[in-house]
Each structure stands twice: as structure tokens, then as C-alpha cells.
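Encoded as C-alpha cells, the structure appears first; notes follow it.
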2 protein chains.
Amino acid sequence: MIDQKSLRILKILQEKARIPNAEVSRQVGLAPSAVLERIRKMENQGIIDGYEVRLNPERFNRKQVAFIEVTPKPDAYIPDLGEKLAAIADVLEVHYVANGDGFLLKVRTADTLSLGNLLQQKINTMKEVQSTKTTTVLSTTKETSRITIE
Amino acid sequence: MIDQKSLRILKILQEKARIPNAEVSRQVGLAPSAVLERIRKMENQGIIDGYEVRLNPERFNRKQVAFIEVTPKPDAYIPDLGEKLAAIADVLEVHYVANGDGFLLKVRTADTLSLGNLLQQKINTMKEVQSTKTTTVLSTTKETSRITIE
DNA sequence: CCTGAAATATTGCCAGA
DNA sequence: TCTGGCAATATTTCAGG
């Protein structure tokens, strides 16, 4: 589906997305125009979804990671609840999970105090929410969104 | 700590990291050299950690997301176990959590079959691991690493 | 911390293979 | 799908405020 040359380009971009095309072309041994053509194609095909800056959460007061299991009320309309949870700024991930048919959220807040506020003021007050169970993170060994590409 | 101009630059890069500096400078109304100076400084200060391409997991056979709670044996050396778990390619995140003093992993695999293989062959075979409890994701509403910056 | 100028490098387009 | 050429842009450095 994706050939070796494109995989090499993607691996380079996984490491350092903001580098000149010309340098990528040097590393893979193609003309810059060929690399550009491949990248544009992968963008159009939806293989590449975009490019992001990776910021240090500590420098923006978002040190505290937590995971929150949200149990909806039996009559809750699930898709709506998912959207409402996703709309909260400090909620980074919203997954609907097999375990107990609820949501699992990943959130980032300044500290446990603001985590408490998020729970009390924004999540537990939703009419669709029955209960929540929070797991706070003490330390993180690895945290990436980089998927394995072969 | 970080002024409004730098925040605007970062917000632009959060959306589209791989755009010419000159375009950033047009959007924020500074000379290109000033924008370059600010970005370099933030890179050196560790405010900016890097730049990544965002790939579509479906196109690389990593559709299945799961969360795995790993309970270590009572005598396990925790930092080592964290490193060993982090070294597994399809393990994207390794968090040491307050809940039961174990690890919470986020993983991405092709499907539930390869998730099973990961558990049986790589994780449950570790000498430090007592047990695991896996939560598979049925659907994802939101998944970003973009933190809230103001 | 900024601007503006100048040298160097890159991008993006196109023709041709 | 590639290369190579070329004009238009972009990057980066530096002097000066």
C-alpha cells in the first residue's frame, strides 16, 4: 500500500516534522520535487492528517494527567454525551469502551485541585452522567502519539 | 511567562506545524526574523519539544486502541518495569497511577487478535508482572495531544 | 526585542523521460 | 513516478535602533 520510500519519508517526519523538504530529499535520495509530490499525495489520501507542535505541558500548567471513567445514566443518549465530553478543553481523549459500556477520558489539568473542579463543575453536573471514577497519574514514563509504521 | 505574541505563534503551530516561517510572521505581524528568534528561543527553553506528523492509524493497521492496567508483583522494581513496558513499540503511553499502585498503558494494535498477542507474549510474560486488566476501545470521539494554552 | 537588507537555500511548477 | 531547470519565496544572519 505504501512503499518503502514513502515510509522513510514518514519516519523522518515523525521525528522532526518541521524540516525543509530539501533535507528530506537528501536523506531519502530523491529529488525535492519527488518528495514534495509524495507528501502532497499522502496528505490528500488522508495518510497524513496534519502536523503538530509538541509542547511541554509543564510550561503551560498542565502537569496533571488523569483518566476518568464516566458511567452514563441508563437512559443517556451516548453520542451526545461523547460530544459534550469532547468539547471540554482539558479533555484530550474521549473513548467509548467495552468495560461497563461507559467512556474513558484522558484529561490534563494544572493540578489535582483543578482536576477536582473539572469533575465537579463540568462532568458530574451533566445530566447524562451517573458517576465517575478517576485515576490520577503519579508519573509518566512514555507518552507519544507516534504509531508503529513498518 | 510567555507573552501574547509567542502564544499566537504557538497556536498557529498547533494547527499546522509545517508551514513557512514567513507565513507565521505575516499572521502575527512581525518580521520573519523576529518570529524565527522567538521560535528558536522556545525550542531552546524546552517550551517547544518538537514537531510531529499526525498519521492516520487506520492506514497503518493500528485501528485498535486499548488501555491495560498492569499490576506488578509485590517485589517488582517499578522503574525498570516502566522502562521495559515503554520499550514495546505498540505501547504508546506508560503511566504510573495512584489506583492500586500499578501502570496504566495505552496501546495501539491492528485488532483484538494482535492485542491478545501483545498481552500474552510481551506483557504477561514479564517477570515483574502479576496480572493485567484490559479495556478495549469501541469507538473514539476525540483523541488529541494538544494541550490548552493561554 | 525588534526591523530591514543581503546572501543563501528552498519551494513549487513544468517539461521531458 | 521520476529528474532537472528556473523563477518566486523563504530562511538565516547580521548590523543597527
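Reminder, nothing fancy here: chain letters follow the sequence lines and each chain counts from 1. Basis for what follows: all heavy atoms, side chains included, without hydrogens, waters or symmetry-related copies.
Atom CZ of B:R38 is separated from atom C1' of C:dC2 by 9 Å (rounded to the nearest Å). For B:E23 and D:dT11, the CD to C1' distance is 15 Å, given to the nearest whole Å. Between B:L30 atom CG and C:dG4 atom P the separation is 11 Å, expressed in whole Å. When the P atom of C:dT3 is taken as reference, atom CG of B:L36 falls 13 Å away, rounded to whole Å. D:dA10 atom C1' lies 9 Å from atom CZ of B:R26, rounded to whole Å. Between the C1' atom of D:dT13 and the CZ atom of B:R40 lies a distance of 12 Å, rounded to the nearest Å. Distance A:N21 CG to D:dG4 P: 17 Å, rounded to the nearest Å. The CD1-C1' distance, from A:I39 to C:dG12, rounds to 13 Å in whole Å.
At a threshold of 4.0 angstrom between heavy atoms, the contacts of B:E37 include nucleobase atoms, whether or not backbone atoms are also involved.
The structure places OG1 of B:T109 at 7.5 Å from CZ of B:R62, a figure rounded to the nearest 0.5 Å.
Residue A:P20 places its side chain closer to C:dT11 than to any other of C:dC2, D:dT3, C:dT11.
Mapped onto DNA chain D by nearest heavy atom, B:A22 and A:G29 fall at different nucleotides, with A:G29 at the one closer to the 5' end. Comparing A:S33 and A:R18 against DNA chain D, the residue whose closest nucleotide sits nearer the 5' end is A:S33.
Within a 6.0 Å sphere centred on NZ of B:K122, other residues, nucleotides and ligands contribute 12 heavy atoms or fewer.
A:V97 and A:L85 sit in two unconnected hydrophobic clusters of ILVMFWY residues. Membership requires side-chain heavy atoms under 4.5 Å apart, directly or through other members.
Under a 4.0 Å N-O distance rule, the pair A:R108/A:E143 qualifies as a salt bridge.
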